[in-house]
S.K.: 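Just dropping this structure here.
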Amino acid sequence: MKALVLSGGSGTRLRPFSHSMPKQLIPVANKPVLEHVLANIRDLGVIDVGVIVGDRAADISEAVGDGTRSGVRITYLRQERPLGLAHCVRLARDFLGDEDFVMYLGDNMLPAGINEVAEDFAERRPAAHVVVHKVADPSAFGVVELDAAGRVERLVEKPRNPRSDLALIGVYFFTSAIHEAVAAIAPSPRGELEITDAIQWLVARGTPVEATQYGAYWKDVGRVEDVLECNRVLLEGLESRISGAVDDASVLKGPVVIEAGARVTRSLIEGPTIIGPSTVVEDSTVGPYTSLGGHCVLRDTRLDTSVALDGAVIAGVRGLSCSLIGRGARVTPATRGLTEHRLIVGDHCRIEVAG
């Protein structure tokens, strides 16, 4: 089996961050979403991974390289324009050959993995096996309708009046039968080759198509709120590890990770929290549910339930919560006497917070 990971989207809902970095590289629990995806694929025993990239190809390849660090072998496949998921399968035809493969959207977080779904697919080998999840607003997704026996009966992309609340969540298993399907379909009204249309083409011809309802946690990290929620979920399983320096005047409560080179001075760190490598925390209270990237600086600050990316500097802000702070951003107070703030700060921005 091979894997096809789609990492070419623009991430408009994650602006301003997606202006300067691909959404697949947003860190969750201090690891890019794409690395979580590759780890799930590696856990299936799949080594050969094709990664579809777009305008941000250089950023993606710089972050994950040839896949060695993630235990896989990556082949990069360029999609010049976002022409749909089925178009990605067309692009990857030579790479995939006639092997079975898993297709995985690179901005989807499934911390519990997809091993059970892969085992079901391998046992019965339908032409397509999709993963679905009940959602509150199915009209924003590709929707799957099942018959009385639980077989896939119909798929519709973003229906105005959904007849099902089972949404496709971005993980698909295919045999080589999908190649005939993606070659046969035409672009949808929005100008894309929809993978739902390709799978529906298989269904209409009586080709076996199955679905698994995913019961574990799933999140498409397309919005700031999703990143913060997913960060909280992953930190729940954190185990303490102290590789940096913590002075005697500091207190650690609960599961806390202090990475190598980090320094904590006269501060309270409440877990679950991660302090990234070479980050400095002085005279501050941090956590719970906070991830600080590498080379950050926190001084005289109270911060919780937040994510700060590499190189962020926060000083003198005494009530920062549920915030996402970009790479190299600087957050300082315009006045004293601050109470409570929620911030979304893009990379390399400088913000003075008024009291």
Side-chain angles (χ1 to χ4, degrees), residues 1-9 21-54 56-78 88-89 91-92 94-123 129 131 169-175 212 214 216-221 227 230-231 233-239 241 243 257 259-260 274 276-277 291 293-294 309-310:
M1 180 181 284
K2 291 185 176 181
L4 185 64
V5 176
L6 311 189
S7 298
M21 69 187 302
K23 60 179 178 177
Q24 296 84 4
L25 298 184
I26 291 286
V28 175
N30 275 19
K31 186 165 75 172
V33 172
L34 186 54
E35 288 194 15
H36 290 284
V37 169
L38 293 174
N40 278 0
I41 290 171
R42 181 200 60 223
D43 289 347
L44 301 180
V46 176
I47 301 301
D48 288 317
V49 181
V51 177
I52 300 288
V53 291
R56 291 298 186 53
D59 295 319
I60 297 287
S61 61
E62 181 180 356
V64 300
D66 64 0
T68 300
R69 187 173 67 252
S70 298
V72 298
R73 289 190 298 265
I74 291 178
T75 298
Y76 290 101
L77 305 165
R78 182 66 181 261
C88 293
V89 177
L91 279 177
D94 290 342
F95 166 77
L96 295 168
D98 292 326
E99 294 193 40
D100 297 348
F101 67 97
V102 55
M103 185 169 79
Y104 202 131
L105 301 193
D107 57 358
N108 274 246
M109 290 290 300
L110 293 89
I114 53 174
N115 294 56
E116 290 186 11
V117 185
E119 290 169 3
D120 289 344
F121 170 74
E123 181 180 347
H129 191 129
V131 184
I169 64 172
V171 177
Y172 313 77
F173 289 84
F174 295 116
T175 69
T212 292
Y214 195 74
Y217 180 82
W218 157 75
K219 182 62 66 175
D220 162 12
V221 289
V227 174
C230 199
N231 192 66
V233 170
L234 264 68
L235 288 182
E236 287 285 0
L238 193 69
E239 296 183 359
R241 185 180 75 254
S243 301
V257 170
E259 299 284 9
I274 301 176
S291 296
L309 278 61
D310 292 351

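The structure presented is a predicted model; accordingly, all values stated were derived computationally and were not measured.
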S.K.: Which heavy atom of Asp107 sits nearest a heavy atom of Lys23, and at what distance?
M.R.: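 The pair with the smallest heavy-atom distance is OD2-NZ, 2.7 Å.
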
S.K.: Considering non-hydrogen atoms only, spot the tightest contact between Tyr214 and Trp218 and give its length.
M.R.: CD2-CB, 4.3 Å

S.K.: Is there a donor-acceptor pair closer than 3.5 Å between any side-chain N or O of Lys2 and the backbone N or O of Phe95?
M.R.: yes

S.K.: Look up atom CE in Met1 and atom OG1 in Thr175, then write down how far apart they are to the nearest 0.5 Å.
M.R.: 10.0 Å

S.K.: Could you tabulate the donor-acceptor pairs under 3.5 Å formed by side-chain atoms of residues 27-35, not counting sequence neighbours?
M.R.:
residue: Asn30; atom: ND2; partner: Leu292; partner atom: O; Å: 2.8
residue: Glu35; atom: OE2; partner: Arg69; partner atom: NH2; Å: 2.8

S.K.: Could you pull out all residues at least two apart from Tyr104 that satisfy ring-ring contact (aromatic ring centres under 6.0 Å, His included)?
M.R.: none

S.K.: Name each donor-acceptor pair under 3.5 Å that joins a side chain in residues 111-121 to protein atoms two or more places apart or in another chain, with its distance.
M.R.:
residue: Asn115; atom: ND2; partner: Asp43; partner atom: O; Å: 3.2

S.K.: Using 0.5 Å steps for rounding, measure from the CG atom of Leu309 to the CD1 atom of Ile26.
M.R.: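 Spacing of CG (Leu309) from CD1 (Ile26) equals 6.0 Å.
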
S.K.: Kindly indicate whether the side chain of Ile52, heavy atoms from C-beta on, has any atom under 4.5 Å from the side chain of Leu4.
M.R.: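 Result yes, sub-4.5 Å side-chain heavy-atom pair found.
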
S.K.: Using 0.5 Å steps for rounding, measure from the CG atom of Asn40 to the OG atom of Ser70.
M.R.: 11.0 Å

S.K.: Would you call the rings of Phe174 and Phe101 parallel, tilted or perpendicular if under 30° counts as parallel and over 60° as perpendicular?
M.R.: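 Aromatic pair Phe174/Phe101 classed tilted.
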
S.K.: Please tell me if the side chains of Val46 and Val72 come closer than 4.5 Å, counting only heavy atoms from C-beta onward.
M.R.: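 No; the side chains remain at least 4.5 Å from each other.
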
S.K.: Hey, mind stepping through Thr212 and His129 against side-chain contact (heavy atoms from CB on, under 4.5 Å) and telling me if it holds?
M.R.: CA-CA 7 Å; Thr212 292; His129 191 129; 2.7 Å; yes

S.K.: Applying side-chain contact (heavy atoms from CB on, under 4.5 Å) to Arg56 and Leu25, what does each step give before you reach the verdict?
M.R.: CA-CA 11 Å; Arg56 291 298 186 53; Leu25 298 184; over 6 Å; no

S.K.: If you round to the nearest 0.5 Å, how far is CD1 of Ile274 from CD of Glu259?
M.R.: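 One gets 7.0 Å once the value is rounded to the nearest 0.5 Å.
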
S.K.: What residues form a salt bridge (Lys or Arg N to Asp or Glu O under 4.0 Å) with Asp94, not counting sequence neighbours?
M.R.: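 Per chain and number, Asp94 pairs via salt bridge (Lys or Arg N to Asp or Glu O under 4.0 Å) with no residue.
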
S.K.: Any side-chain heavy atom of Lys219 sitting closer than 4.5 Å to one from Val233?
M.R.: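 Of all side-chain heavy-atom pairs linking Val233 with Lys219, none is under 4.5 Å.
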
S.K.: Could you tell me which non-hydrogen atom of Ile74 sits nearest to which non-hydrogen atom of Val51, and how far apart they are?
M.R.: CG2-CG2, 3.7 Å

S.K.: Identify, with sequence neighbours excluded, every residue that meets side-chain contact (heavy atoms from CB on, under 4.5 Å) alongside Ala122.
M.R.: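 Listed in chain order: nothing, the list is empty.
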
S.K.: Which pair of heavy atoms, one from Ile47 and one from Gly71, lies closest together, and at what distance?
M.R.: CD1-O, 3.6 Å

S.K.: So, taking the atom named CG in Leu38 and the one named OG in Ser7, what distance separates them when rounded to the nearest 0.5 Å?
M.R.: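 Reported to 0.5 Å precision, the distance equals 7.5 Å.
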
S.K.: Quick one: salt bridge (Lys or Arg N to Asp or Glu O under 4.0 Å) partners of Arg73, sequence neighbours excluded?
M.R.: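 Asp48.
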
S.K.: Let me confirm one number: the CD-CG distance from Gln24 to Asn108, rounded to the nearest 0.5 Å.
M.R.: 10.0 Å

